[in-house]
Amino acid sequence: MSVSNLLENWSEFRHLHPVDDVPHDPYKWAMSIDLDACSGCNACSVACYAENNLPVVGKEKYAHGQAMHWMRIERYWDEDGREFPDQGAQFLPMMCQQCEAAPCETVCPVGATNHTPDGINSQIYNRCIGSRYCSANCPFKVRYFNWYDYPTTDNVWPAEMNQQLNPDVTVRGKGVMEKCTFCIQRVTVAKNNAKNEGRIVHDGDVQTACQQACPTSAISFGNLVDKESKVYKQWKAQQVELDKDAQAKDKNEEGRSELRGYRIFEELRPYPSVMYLERVRESAV
Amino acid sequence: MMKDISEDIAWAKINKDVLKSLENPRKLYWVILFIAIAMVGVAVGCEVYQYNIGMGVANMDNPHMWGLYIATFIFWIGMSHSGTLLSAILHLMHADWRKPIYRFAEAMTTFSLMTAGLFVAVHLGRVWQIYYAIPYPNGRMVWPNFQSPLLWDAMAIFTYLSSSILFLYVGMIPDLAIVRDNMHSGWRKKLYSALALGWEGTDRQWRNFRVTYLTIACFLIPLAVSVHSIVASDFAMSQQPGWHITSFPPYFVAGALYSGCAAIITLFIILRYVFKFEEYMTLSILKKIVRLTFAIAMVWTYLNLIEYASVWYGHDQASKDVLIQKATGPYAPFWWMMNFCGSIVPLLMFFKRFQTNIPVMFAVSLLLNLGMWLERWMIVAPTFSHGYYPWTWDHDQWPSLIQWGIVFGSFGWFTLLFMVFCKVFPSVSMYEVKEMVYHRKQATKKLATAGKGAH
Amino acid sequence: MMNSGFDRRDFLKVLGWGGAAVALSGCGNGSVEDGKETVVSYVETNDYMIPSISVYFNSTCAQCDAGCSITGRLREGRVLKLEGNPDSTINRGKTCGLGQAGVQHHYNPDRVREPLLRTGSSGEAITWEKAYALIAEKTKGVSGEEIAFLSGGVSGHLKVLLGNYLDSFGCKNHFAYEAIAPAVLRAANKKSYGVEMPRFNIGKAKVVLSFGADFLGSWVSPVHFSQQYAQFRKGVDGQRGVLIQVESKMTLTGANADRWLVVRPGTEGILALGLINALGAHGVALSGDVAAAVKGYDKARVSKDTGVSAEQIDKIVALLKARTPSLVLAGSAAEGYAHGSQNAAAINLLNQVLGNVGKTVEVAEVVPFPQMAPTTGNTAALRKLNDGLAAGKYKVLFSYAANPVFTAPGAMKFKDNMAKAGFKVVFAHYLDETALQADLVLPLDSALEDWNTQVPEYLATCAQINIQQPLMEKLHANTRGMGDILLALLKQRRAEEYKGFEDYYAYLRGAMLKNKAALGGGKLDDDTFWNETLSKGIVKLEGRVGGLSGRASAAGLTLPAPAAVDAQYPLQLIPSVNASLRDGRHTNQPWLQESPDPLTTIVWDSWVEIHPRKAAELGIVEGDIVEVSGKNGSIKAQAYLFPGIHPDAVSIPLGRGHEAMGRYAKGYGVNPFQILDPVFDKETGELALHETRVKISKAGSRVIVVKDEGVVGGMQMGKKIAVRVSSDKVKLSEEV
Amino acid sequence: MHRFLRLSVLLMGLFAAASTFAVDAQTPALTTEDDLGPAIEQPIEFPHVRHAKDMQINCMYCHTYARRSAVAGIPPLQKCIGCHQYIESVKDKPRIKTLFEYWDAKKAIPWKKVHDLPDFVRFNHERHIKRFYFQQNRPVQEVCGYCHGDVKEMTVARRSKLLSMGWCVSCHQKEHPVSAEGGTPVGNQVPWYSMKKPPADASGKVIKAKGPNDCSVCHK
């Protein structure tokens, strides 16, 4: 707790830029989401409400943009002025991208949001003082602030409803920032079980709530260090590398690439841990 | 040429005039005080409500995380720069005309900083945990995050605040002694005796006093520049379009000096009337401040245009979009108003006949401050409503009455502190005015002698 | 994960302390607080009950009739979350949002907790003994014809008990009613394929041509189809499946289509015949009657009637020819007209012409216990019941798992007719609109507290019986399971026969053990078999396989020309079915209210979808309150400009607009059921949901639409966020 | 002027001294710090001293969940009765009578929580027991005692450690052995939780590592 210990442990306290950094070992949690499979059904979002004790804010607060959905499904239309969306819509599940060089982490005055050695951008609710700087600096705007005291004055979980609350996840009071944590409570349990058995977590030992619910299995979650994991294989096959701000796909001429993996706002260099696979549409019709 | 101050004011009269302000101001003083208290009451009520219910009552949302609180916070920080400018910078530059007015400018510095500090607290979602942000050895064994500009901010503000309180106080010691000597017995006498630290006016005391004062002044100048640069880095260090701009620190400092000077004009006019300081706060001095303000206004305008230009000609489309949105989107009226108030209104100051026209200058100074307040709002808000992620653009984010109430009340709070200060402490530096009168006399004498010699 | 060797009822006893002590305070200025809270401790416990370790039990989701198997996660005796059971062939471990919200059905604060007897305009809580006595009294001496039992779809042992109860009166008036059901399709399938519900193998198809079947959203078995869809997208033989959706209002499935074709409402059948015609012209052999039936449907006419361009028809025909097998689905959008049966028949005919029958349309296995097979609900039943009620035929009316006062078209005057019944018993979860009209309201257990067996209508790759079992102790002391209630009622009638069964659990166990061998447990002793069955939550069976009666006939296929524009009511009203809210029975689950509609992203309210072109004509902008009025009333709701709808149609989602039910449902939105025209399908008598004609006008005020999308709507503003790529630019077969 | 300079030098010196102190000041060794919690009245005054000291019963005989789950758990009433129904000698004692009253009424005893961490903290008994009791073979009462103090000397258990965050952290910052004999080797990986790899011995094997220092390990 002395100043010298602060200086000594500076690098421990702060995870650095992923380039030239210590490699992740044994875990780096990451995701890939296949937009071609995603049907936009919202099951993931509801599952997230169930798993993570998200408050239902009600119509009025929703109208004020105070919804607390950690996972939101965005629906995009074509922008070429056609009269009917005859190629359908594009759905995109958007949640915290768990950036490696997260813009939110550096600005939090108290370090309430910080990087774990597993590459998760963790949010320590009780440390949060509510400056909201993290959200201000988040390019994806996936951080949600408790504008009201949902458990108490707002009584979001009346009567028996509170029995549904997941005891592994803190119920956040007012003034706290929150966001998708990659279901860190599940990850923790899986890691503890693995440690008890003297191994590392295998692929499939842990599923996030959204992944588990997803009817089309569009979401994969796993350990990017583990070469056996599906996520690793997907990233590899799409030639998306965690610590690059431009991928093989971008280097190809427009439209020539056969890869569909991309990360959103890669050019801002947050190095997101979520890879999306482009939605495919048939050219023959 | 108008004189900054008449050279034939007797020293006893100076004492008497200034001390009078501690006793019987005009009625308007009490009216102002009452209004200020009422405004503070409104703000306290709003804050209590917000504290109990949650930040939602301010009608901020995701992603409009920051609202008027941060804008007003910057505004008050900016205000604080005028005191330092007048007392420290102009002190070092031997600008004599500052002497009758620097005291209240310094008080302004201190009180606007205190107001700004309150906004940090008002803004926080969990203000009761604010000590988490203070670096001290603690039982949790964790430090705050030294990488966060917000933490630098907190530190800079506290340093600046403590230094400016010290500066204000040290500069007041000789005057406090005068007040002490003019007090009859009673608790006030005791108070001033204690505060005067046994000032006798000996040569040694004067020598030490001058060195100390000068040292603090030197210390304060970089602090003042740094504090607003750091506030600017809250934005410039972020990654958001419209914020991530290299020229922000000087831009913020210029804006700060600008709004500070404008505020000095306002308060100058009020104090001059309320405490009957016409003889000390002369129109000649007003003219000088006005000219200074005008110069700064032009610097600010220049930096402002630089900012627009760098965004416009840069290749960051997102930043450009924010700029376009400022000029055409829902914030357009405020944005244009800010440009008008900040860059067009000060042009009035260019004209000599307005420079000493009190009603006009009063109105202009208020408009300038409105413009500067809008400027801060226009820095904070549009980026939220038009950030990188289009899905979240522009939810309903008009600040609620609670937010307005607290912002409104902060002006009352500042006025209250300031007015109480002016009633309790000499708001015109007596010893410096005496010096000024003395210098003036010497100069006139010299002039006269020189004139004689010429003949 | 699963524990097998335990007695389920012991397990429930263990949890004697109920769901006490839930820590709500999360983020206080917390420090160690000694001695303030009480520790959760047990009197007796089992080895598997370890505090802080989750226990998982299998059951069946009761949120809709698809029959997904679920696994409930329990902690300290409380069910926290429902996951899919990976062993189920229907949902394979997956769930939809509606299923996830099952826990909110269970923990809902607005549940009915006591039996309520109407006294004047208010209700009085009474005991169950009194309630049963009352039913016995009211049914005494009443003949079978004077009793009506209204229910939703039922299956399994509950259906058996229900049947037996009605039998005891000699009553044949069981009305199985579902407000939104593919009943027309069932009839058409029966004609075309010989079965009501064949297996649609989306996963095997290379092209799916869907006429308004929202199989990703709410059609038949959406979670199952979603998985098939994922497989279909990955492709067979490396060829990615192509989805073409034909409808007048975009559904979730339509939003996922490669080509979404907007057709004039009601002309789906014409397009199907037109496609057959065009296929014939492209060299596909058509049998004589088919050729005759489609003769008049040349491209020009079809294109004019439906609004689909001739070149688009050519493209589809080329695709259907090139990529086989394909699959054609007829959905609710095609069914919902007075000529719905004809539409469905025409669409089924297309399947036949394409040779899909037997390839992607396969016969489904059937559970070999016909008495347990599902009685599927439809709207014709409601019509019959309503007519009976209007005639004052019924002295006693029972209502279970249906809310006709809310879902019947207002023109039917169901509420008034219901009042004519002598004694109305409603088995209710909430005090919904129908329960409020009852004389006696009997509170039900939630699906997570109740025993049951269920046989899904749509069976995936094998026949299965789903077990529904309590996941936790009852929340409220005075609710009862439907099975227990029926058993108690049966004991009133046939005491001798049922005296051996202490409760429904005992009945269920006994019934299952009796058929142990048939259920695949021949070698096991009773307890082992029973415990294993409960542990799995599913009984997979060797199903009976019938054959598809191969030939859809083109005989009698006459499709009306599109109706001329009605000057007074120029627009077609399409009541849309939201995957979460369905017919409104789930509206009181707040997660579903706050889960944005996938297409409009609107929450907590109803809206009127209007095509931007039409809106411009009428001077309507988003958020305008518009009055939608038809021959049978009008409703007011906010307008939402939606490109995915035919300009001559407007759409309002079903499910909202409750006047009762609970805090999360009451007062949000409007109920389009109320203004539906009572038009019925000519062959089946089913309510034609899409046949209502309306006009709309601005009602003056304007609101801000509460939705998730921002002001720029679904635009990416030139940013690379959701990216789309053309299928010829990727190689899916090389992906992981 | 000289005086002023002298004063400045003096002040600077003081500041430097204070800073130096701050730089190297160690916070008190929190791990050993005792902090006696309030005495708590329990429904039955349970004598730990009789069970744990006189009878030498292993802590985990009753607190059986500790090695299997995150919480140590209070034994079910069943377990108390399991022994006490055969111990005739104490059956008449008032405490045992109360015990049987609960049993006969089939009511759980409303024990008060003694070590009650805030709700946002996730403490895992299982991991600590596995680490120190099973893998390092330390005596059970020592292992439990790290956090619970010398329970065998108490009647009603009372908190005797600080259980504050810094208290936990100070132990996690210690180097603990992770060698094969007494550590937690994970496959061929050594678990290290900070960005710095722990020091290895001459043979290249890591022998000591700190506890996890990741916020999210303990905060939920």
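Lettering follows sequence order; numbering is per chain, from 1.
- Between A/R186 and C/E83, at least one side-chain N (NZ, or NE/NH1/NH2) sits under 4.0 Å from a carboxylate O, which counts as a salt bridge.
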Let's go through C/S727 and A/S283 carefully: what are the C-alpha distance in whole Å and the side-chain angles of both, what is the deciding distance for side chain to side chain donor-acceptor pair (under 3.5 Å) to 0.1 Å, and is it a yes or a no? CA-CA 6 Å; C/S727 63; A/S283 41; 3.3 Å; yes
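- Heavy atoms of A/C38 lying under 4.5 Å from chain C belong exclusively to its backbone.
- A/E160 pairs in a salt bridge (Lys or Arg N to Asp or Glu O under 4.0 Å) with only one of the listed residues (C/R78, C/R113, C/K474), which is C/R113.
- With a 4.5 angstrom heavy-atom cutoff, C/L475 touches chain A only via side-chain atoms.
- The pair A/D168-C/R73 meets the salt-bridge criterion, with a side-chain N (NZ, NE, NH1 or NH2) lying under 4.0 Å from an Asp/Glu carboxylate O.
- Every pair tested for salt bridge (Lys or Arg N to Asp or Glu O under 4.0 Å) that includes a residue from residues 209-218 of chain A fails, sequence neighbours excluded, so the list is empty.
- Looking only at distances, a side-chain donor or acceptor of C/E594 sits under 3.5 Å from a matching main-chain atom of A/G58.
- Under a 4.0 Å N-O distance rule, the pair C/K234/A/D36 does not qualify as a salt bridge.
- Heavy-atom distances place both the backbone and the side chain of A/E83 under 4.5 Å from chain C.
- Side chain of A/Q164 to main chain of C/V103: no donor-acceptor pair is present (N/O by atom type, distance under 3.5 Å, no hydrogens or angles).
- Exactly one residue among C/R323, C/R259, C/K315 makes a salt bridge (Lys or Arg N to Asp or Glu O under 4.0 Å) with A/E282. That residue is C/R323.
- Neither the backbone nor the side chain of A/E178 comes within contact range of chain C, judged by heavy atoms closer than 4.5 Å.
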Quick one, A/R279 with C/N256, criterion side chain to side chain donor-acceptor pair (under 3.5 Å). Give me CA distance, side-chain angles, the key distance, then yes/no. CA-CA 10 Å; A/R279 195 173 179 81; C/N256 284 290; 2.6 Å; yes
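- Contact of A/V169 with chain C is not made at all, since no heavy-atom distance falls under 4.5 Å.
- Per-residue counts of heavy-atom pairs under 4.5 Å with chain A were compared for C/S580, C/G718, C/A230, C/P598; the largest is that of C/P598.
- Here the side chain of A/R281 pairs a donor or acceptor atom with the backbone of C/A257 at under 3.5 angstrom.
- Ring-plane geometry between A/W77 and C/F642 is classed as perpendicular, the angle between the planes exceeding 60 degrees on a 0 to 90 degree scale with a lower cut at 30.
- Residues that satisfy the ring pair (Phe, Tyr, Trp, His ring centres under 6.0 Å) test with A/Y76, not counting sequence neighbours, are B/W391.
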Could you go through the side chain to side chain donor-acceptor pair (under 3.5 Å) check for C/Y107 and A/N162 one step at a time? CA-CA 8 Å; C/Y107 288 119; A/N162 59 11; over 6 Å; no
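- Contact annotation for A/Y276: neither backbone nor side-chain heavy atoms come within less than 4.5 Å of a heavy atom of chain C.
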